[in-house]
Structures are given as structure tokens and as C-alpha cells.
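Below, chain A is the first sequence line, B the second, and so on; all start at residue 1. These values consider heavy atoms only, across backbone and side chains, with no hydrogens, waters or symmetry-generated copies.
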Amino acid sequence: MEKAIRIDQIFKNETAHLEKEVTIQGWVRTRRDSKAGISFIEVNDGSCLRNLQVIADRSRPELESVVERLATGCAVQVQGVVQASPGKGQSIEVHAERIDLFGWADPAVYPLQKKRHSFEFLRTIGHLRPRTNTLGAVARIRNRLSFAVHQFFQKEGFFYVHTPIITSSDCEGAGEVFRVTTLDPAAPPAPGNPDGNVYSQDFFEKPAYLTVSGQLQAEIYALALGKVYTFGPTFRAENSNTSRHLAEFWMIEPEMAFYDLQDNLELAQSFIKYVISAVLDDCQEDLNLFARFVEPTLMETLETLVRETFQVITYTEAVEILKKSGESFDYPVEWGTDLQSEHERYLTEKKFRKPVAIIDFPRAIKPFYMRVNDDEKTVAAVDVLVPRVGEIIGGSQREERLDVLLKQMEIKAVPAEEYQWYVDLRRFGSAPHSGFGLGLERLVQFTTGLGNIREVIPFPRTPGHADF
RNA sequence: UCCCCGGUAGCUCAAUCGGCAGAGCGGGUGGCUGUUAACCACUAGGUUGGCGGUUCGAGUCCGUCCCGGGGAGCCA
């Protein structure tokens, strides 16, 4: 293969490439002809949002024979010289010496056109949608965020831990689970086998599930390595059809020994600010696309997040604020119940207009592993809310006291025998520790302003959909 | 899962009170031009999501199913 230069590298230093010969490889976005003389071919190679304009002199038969076939979607390689462009809209262009057509795309049936498509339609062509401006920009921003996650934790001295995808505990208090089995539901094991236990014939010889969280296992490593994080796929079998839920998504879960809730909160704040800053610094072109065509307030929201300190309030204070707000909510605000979406949106979008961290939730509405506060009515939990998306982070200080944890498990009806290893962590060298979970897709939604989570993951899995 | 809205040409959409199914873009053909969502002319393209019903007549009204979107719950 010819050694090609990526288009973003040319745009990064245009003057250095002037009058130089380059080879580019990519896909034709548009072709405009000047029958008398030349064709204008815009090529995109995915390295950046912008296309590079290629000029082809059609009086040269070897070019004409290729150019006449070029249509939107064709894969090409172009060799030519970078020159200053006399036209408007671009400062440089490539004057083609040679054009190779690798893969033709029949314009009569190629689904992508030189026009706006609806996101719904693009979802039906998941194999082609990353070739659009918007979905390409999503992919680059998602990549930058993911890389920034590792950069942040590595510079802070965290270790990346791979927690299991398959687990055998199903009651972690985080929703419905997918079963993992090699048994054939169309031909289940015959009843009445010797021990009467169908799972004895299954692969793991007991019920197994796809993970809903790596937190409990991350706690194991936090209590050995000090500071760890997980970043991997997570699964929820909830039958929820919303613009904010996926059956398969990517979650980031840091877990830190010797961190209390306050330390946890400070980490969460510096973490979000770091990854958003990375995108603001390195993805300006892509962000501008979203600010122009998707969410006009995008830049202001992102810059506010980076600049301002998060508002921290207790759950009890939040309830008081909501009751005094004078807003007419569809759902009543009452201490002891979960805050509704409308309540969260009021706090972060109207009242404080920036990220809001709510701490110290009622014990009754939070999972067993959260640390019970001295008032015994609340737990050391934190939810971080951001405008448009709502809850982006959920975390807590974990209950490190053996007796209190056992009591919590009893109250929440969590079978202690299944969590012997988890309880053991409190029995042997227990230490205060904390952590939180952040859904990558929610973060990408927040960063791009896209309303539907199905646009921010390459291949969305939702109830009734596991295509591509 | 619940509530609301929608499904019309390849795509984005229109069609008044129930009365001949349309436009733009895209495709094809021809023309024109250092073009920029190029432009001009001509042209092809439809079981109006499926099934059933009301009616002289249904894209339009009724029932039902399927699919999509928005919102809610649950959560990240």
C-alpha cells in the first residue's frame, strides 16, 4: 500500500505542505463537475471533520476515466500536489496527479446522500452511519474522552483493573440481569436428573449473569492496590425505552481506599473537569459541529462545568429547595423518596445552572453497601447531576464496618452467604473506602449535546435491538 | 412496562371537510459553470406499515397488530 498522510495532519500545518506531493486515502463525500475543465472532489478520511478538496483536470484521459465514475461513498487514493486554493471555503486543495478507485459505491443505491438524514434513518444503517459528519464527530469525541479517562487516572496513580464480565451474583441492587448459559432453552435438561439441579449441567454449574457493575470486585483491588479503576462493558436487562438507557454500555468505576465521601466528591469533580477539558482542547472542530447543529448552549455548558465549582447540597437541602421553589412538579417532593427527573433538572438547569452534587441520601432508598451516616437515617452517597443529561455519576463511601454491613445486608435481604468474600474484606484489614460509577455514554451525550444515547455508542443495544 | 405523537417515492416532508397521491433532495439524460448543500431543463420512481371494518368513494374515519419517536418509571 502507498504510504498516505492523514488529512488532519495536512490541515494542522498547511503551509508546510504547500507545493508538496501527498497521497491521501479516504471516501468521496461529494463531486462537483466543471464539464469544460475540472472536477472538484471532496475526500474525507475520518481523521477529522473537514474534507480535503481534490482538483482533477478532466482533459487528462487517465484522470477522466476514473473521475467520471466517482460518486458519494467511493473509496479512493489520490496522489497530488497541495496548492493554495483560489476558491472560497478552503485555503488549500490537492491537484491530482493520479486517482485510484478502490471501491465503487453505486449512487443509485448508496443510502447516504449529500444532505441531512434523520438520526432514526441513520440508525437503520449502522454500518454506514460513521461515514457521516455527525457520527464521525461522535466517534472522535468518544475516543478522546476514553483516552482522557485513562490519562487522568494514570496520572493520579490509579491502577486499571479488569473486573469480570460474567458474574454469579445477581442481587447487587443495580437492576435486571442477563443470564449467561450454555443450556439450550429449546431443549432444557431433562427434569429429574440425579441432583434435581439443572444448573449442574450448565457451564458454570450455577446461575451466571452479565455484570451490572464492577464495583464489588473493584473494592477487592482497592483494598490491595489503594487506588484502582475499571472501564469496561456493563449490562442491564431493564425493559427501559428511553433516550438515556442502553442494555450494553461502558462504565468507569474508580474505587479508592482511605477516601471518605468528601475525597470521593473532589475526585469526581476533578475527573469530569479533566476529561471535558481534554475535549475542549483537542476536539474544537467536532464540538463546533454540535454547537451549531445540535445544541446551541453546548459550549457555554461545557465551559461552565470546567470553570465553576460544583454545587454541593445534601438530599435534605435539595428537598427543601424543591419544596420552596414554587415550581409545579408532576410528582410531589417528599423526604424519603427518590428525586424525579424533573426535580433533578430543576436543580441543575434552573436553580444552580451548573453541575450539582447531592449527598447524604435516605438510607432506605440506597443499596446495602453505602456507608451509614451517624444520623442512621442517611448514607454517604453522592449523585452528580449535570444539565440536559441528569445523573451522570453515582457513588458513595462504602460501609467498611463489619457489624453495620451485616445489619444492612439483613435489612436489604442480601444473602450474606453469597457475599462471603465481600464481607471478608471487612473482616481482614478493613479500611474506609469510596468510589463512584460514571456511564461513558452519558458523558458523551453531555459532551456532544445529542439527545438520544443511541447516537453516542457505535452499536446500540436496547430492548428488541441487537443489530450489526 | 405506562402515557402521548407518528408511519406517504431511495431520503426529508406536504396533501384543506372523506373526493384525480405531490414537492425538494437523491438517481438517469442533456446543458452550463474554479465549484462549495453548485445551478438550469427533461425524466424514471408509490400495495400511503400489515390485516379487518365504515362509506358511492379512505393517505384521511373506526378496530387491531407491527414499527419508530418523545416523555415517565428504573438507572449510569
Side-chain angles (χ1 to χ4, degrees), chain A residues 29-42 50-51 53-58 71-73 83-90 93 95 105-125 128 132-133 172-176 212-215 231 233-253 268 293 329-331 337-345 365-367 383-386 389-395 436-446 451-457 462-465:
Chain A
R29 281 295 176 77
T30 76
R31 178 188 116 200
R32 294 178 293 272
D33 292 335
S34 160
K35 270 256 165 57
I38 56 177
S39 281
F40 305 89
I41 305 149
E42 290 197 32
R50 266 194 286 173
N51 306 323
Q53 178 165 278
V54 171
I55 309 297
D57 179 356
R58 303 187 70 164
T72 303
Q83 295 192 0
S85 175
K88 291 168 190 159
Q90 66 282 319
E93 58 194 21
H95 288 241
D106 185 349
V109 291
Y110 185 64
L112 290 173
Q113 301 173 4
K114 301 188 290 187
K115 54 168 280 192
R116 248 184 112 85
H117 293 284
S118 67
F119 287 123
E120 292 92 323
F121 171 68
L122 291 176
R123 241 174 265 153
T124 67
I125 50 168
L128 297 172
T132 62
N133 287 340
E172 291 167 11
E176 297 293 314
V212 294
S213 165
Q215 178 202 316
F231 185 2
T234 310
F235 308 87
R236 303 279 166 89
E238 303 282 357
N239 185 15
S240 56
N241 262 300
T242 82
S243 55
R244 296 183 303 282
H245 290 85
L246 291 166
E248 176 184 287
F249 63 101
W250 287 68
M251 190 153 66
I252 298 142
E253 294 177 290
F293 298 118
F329 296 116
D330 291 336
Y331 291 84
T337 62
D338 274 313
L339 297 180
Q340 306 294 317
S341 289
E342 57 177 348
H343 304 147
E344 297 180 345
R345 295 187 71 128
I365 60 172
K366 289 291 184 183
D383 281 359
V384 177
L385 314 176
V386 293
V389 173
E391 185 182 342
I392 198 167
I393 278 182
F436 62 83
L438 176 140
L440 177 66
E441 287 73 20
R442 296 257 175 104
L443 183 63
V444 181
Q445 268 192 288
F446 176 71
N452 197 313
I453 201 165
R454 293 163 199 182
E455 266 67 77
V456 302
I457 187 167
T462 53
H465 296 280

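The same atom, C1', is picked in B:rC13 and in B:rG26; the two are 14 Å apart, to the nearest Å. B:rC17 sits 15 Å from B:rU55 when the C1' atoms are compared, rounded to a whole Å. Nucleotides B:rA58 and B:rU48 are separated by 12 Å at their P atoms, to the nearest Å.
To the nearest angstrom, P of B:rG10 lies 17 Å from CG of A:L128. Regarding A:E176, its CD atom lies at a distance of 10 Å from the C1' atom of B:rC74, rounded to whole Å.
Interface remark: the A:Q113 side chain does form a donor-acceptor pair with the B:rG10 base, using a distance-only criterion of under 3.5 Å. Under 3.5 Å, the side chain of A:E120 and the base of B:rU12 form no donor-acceptor pair of N or O atoms. No hydrogens or angles were tested; on distance alone, a donor-acceptor pair under 3.5 Å links the side chain of A:E93 to the base of B:rG34.
Of the candidate nucleotides B:rG73, B:rC25, B:rU36, B:rU36 has the atom nearest to the side chain of A:E42. Listed nucleotides: B:rG73, B:rG34, B:rA72. Nearest to the side chain of A:Y331: B:rA72. Counting only heavy atoms from C-beta on, A:F121 has its side chain closest to B:rU12 among B:rU12, B:rG69, B:rU35.
At least one side-chain nitrogen or oxygen of A:S243 sits closer than 4.0 Å to the OP1 or OP2 atom of B:rG71. A close approach under 4.0 Å does not occur between any side-chain nitrogen or oxygen of A:N239 and OP1 or OP2 of B:rC74.
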